[in-house]
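Data block below; observations after.
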Amino acid sequence: MHWFNGELSGDPTIALGIDDPALLYGATVFTTLRVYEKSLTHPLTAWQAHCDRILHSLQTFHWPEPNWAQVRQGAEALAKTYPVLRITVLPDGRELITGRFLPTDLMERQNQGIAAWVAFSAYSRGLPGHKTGNYLPCVLALQEAKRQGVSEAILQDAAGNWLETSTGTLWGWRDGVWWTPPLEAGILPGVVRSHLLSHLQSQGCPAIEIPWMPEQVQQFEGLAYSNCVVQIVPIHTVVDGRIRLEYNPDCEGLQQLRTYWA
């Protein structure tokens, strides 16, 4: 099922004009959220934060807002079946909402960690401050990572500084403190990223936001990434050319982040 322009449908297709910018250029903005207990009002669902992120991009691009009542109606209809929703807004204000299930191996990833590959700088995202439908660099980076036999790709800039993964925010643990790249480095202002930063601040252990230069990433004891769907997943191995970096997937700081979802 999906919801498109005010209507719920079981048809796996929608109709777009051949000159629609959403089709031609990936000209859409979207957000992906995990619905807890089938409720948009559950605090962990962070419904308003996701809507605010879409609104910020629409205002920046001077695109019309969708019918927010329709957006919520469609999300509530799909949340009865799907724990993960993707809300997309087209340049003319039409909304498309699709649903999916959680990854079947999510618990294994959360407990055992994953391996990642450092992508070439050419795979860095355009307009990193906005979640747009033109997501091809991330898709290609993740595709290449899987060809390398690992689960995620780490994006980097031209100077070799790590930015984020193809699907989430990076977190490094060292000296009893969490570190994460700053927004100014050119990364997506993730909803979970913002909430985890506030969570750490409330615990009296604020994260350090500085660029991740090549020499710094080798000093981390633990490494992880986060997004709304997977929550927090450790990264135990990173392949960077001929260099192989190993991290502790059970580092003591992980529990500090996991308490946000407790």
Side-chain angles (χ1 to χ4, degrees), residues 21-34 49-50 52-63 84-91 96 98 100 114-148 150-172 179-197 207 209-214 216-217 223-230 232-233 235 238-241:
L23 174 64
L24 294 179
Y25 312 115
T28 63
V29 296
F30 76 96
T31 192
T32 302
L33 62 141
R34 179 168 170 175
H50 284 279
D52 289 346
R53 177 161 70 177
I54 289 177
L55 178 59
H56 170 69
S57 294
L58 295 176
Q59 292 174 337
T60 301
F61 301 158
H62 304 289
W63 291 357
V84 180
L85 302 181
R86 171 175 164 144
I87 301 171
T88 304
V89 178
L90 281 64
L96 170 64
T98 55
R100 68 177 190 263
I114 64 164
W117 167 73
V118 179
F120 308 121
S121 60
Y123 288 127
S124 60
R125 295 190 303 113
L127 297 174
H130 304 274
K131 203 160 188 176
T132 71
N134 188 357
Y135 226 60
L136 185 58
C138 292
V139 171
L140 292 177
L142 185 57
Q143 178 180 292
E144 180 59 30
K146 291 181 177 179
R147 273 202 291 265
Q148 299 279 342
V150 300
S151 302
E152 255 293 352
I154 293 175
L155 308 183
Q156 62 176 331
D157 63 19
N161 300 322
W162 291 10
L163 301 173
E164 56 193 340
T165 75
S166 64
T167 62
T169 300
L170 281 169
W171 301 89
W179 305 62
T180 193
L183 296 181
E184 294 76 16
I187 65 171
L188 181 73
V191 171
V192 163
R193 177 187 185 275
S194 175
H195 288 179
L196 286 178
L197 286 173
E209 299 179 72
I210 62 172
W212 282 21
M213 294 178 287
Q216 180 181 349
V217 299
L223 188 69
Y225 80 100
S226 67
N227 65 41
C228 290
V229 176
V230 303
I232 190 79
V233 171
I235 299 174
V238 174
V239 179
D240 185 1

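What you see below is based on every heavy atom in this structure, not just the backbone, and it leaves out hydrogens, waters and symmetry mates.
Expressed to the nearest 0.5 Å, how far CG of Leu85 lies from CZ of Arg34 amounts to 12.0 Å. Expressed to the nearest 0.5 Å, how far CG of Leu55 lies from CZ of Arg53 amounts to 13.0 Å. To the nearest 0.5 Å, the span separating OG1 on Thr28 from CG on Leu96 amounts to 9.0 Å. A distance of 8.5 Å separates CG in Leu188 from OG1 in Thr31, rounded to the nearest 0.5 Å. Between the CG atom in Leu223 and the CD1 atom in Ile154 there is a gap of 5.5 Å [rounded to 0.5 Å].
Side-chain atoms of Trp179 and Ile210, non-hydrogen and from C-beta on, do get closer than 4.5 Å to each other. Taking the side chain as every heavy atom from C-beta outward, Val233 and Ser226 never approach each other to under 4.5 Å.
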Output side-chain donor-acceptor pairs under 3.5 Å for residues 138-146, partner residues at least two apart or in another chain, one line each.
from, atom 1, to, atom 2, distance (Å)
Glu144, OE1, Arg147, NE, 3.0
Glu144, OE1, Arg147, NH2, 2.8
Glu144, OE2, Gln148, NE2, 3.0

Distance-only criterion, 3.5 Å: show the donor-acceptor pairs between side-chain atoms of residues 114-125 and protein atoms not counting sequence neighbours.
from, atom 1, to, atom 2, distance (Å)
Ser124, OG, Ser121, O, 3.1
Arg125, NE, Glu164, OE2, 3.2
Arg125, NH2, Pro128, O, 3.0
Arg125, NH2, Glu164, OE2, 3.3

Run the side chain to side chain donor-acceptor pair (under 3.5 Å) check on Thr98 and Arg100 step by step: do they pass? CA-CA 7 Å; Thr98 55; Arg100 68 177 190 263; over 6 Å; no
Determine, stepwise, if the pair Val29 / His130 fulfils side chain to side chain contact (heavy atoms under 4.5 Å, CB included). CA-CA 7 Å; Val29 296; His130 304 274; 5.5 Å; no
Stepwise, does the side chain to side chain contact (heavy atoms under 4.5 Å, CB included) test hold for Asn134 with Leu136? CA-CA 6 Å; Asn134 188 357; Leu136 185 58; 4.0 Å; yes
Could you go through the side chain to side chain contact (heavy atoms under 4.5 Å, CB included) check for Thr169 and Val192 one step at a time? CA-CA 8 Å; Thr169 300; Val192 163; over 6 Å; no
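Of all non-hydrogen atoms in Phe30 and Thr132, the two that sit nearest each other are CE2-O, 3.3 Å. Nearest heavy atom pair, residue Thr32 against residue Cys228, reads O-CB, 3.7 Å. Between Ile187 and Leu163, the closest heavy-atom pair is CG2-O, 3.2 Å. Of all non-hydrogen atoms in Thr88 and Arg86, the two that sit nearest each other are OG1-NE, 3.2 Å. The nearest pair of heavy atoms linking Asn227 to Val229 is OD1-N, 2.9 Å. Across every non-hydrogen atom of Val89 and Trp63, the tightest pair is O-CZ3, 4.4 Å.
Relative ring orientation between Trp162 and Trp212 is described as tilted, the plane-to-plane angle lying within the 30° to 60° band.
Among residues two or more places apart in sequence or in another chain, the salt bridge (Lys or Arg N to Asp or Glu O under 4.0 Å) test is passed with Arg193 by Glu209.
Proximity of a side-chain donor or acceptor of Thr180 to a complementary backbone N or O of Leu170 within less than 3.5 Å is detected.
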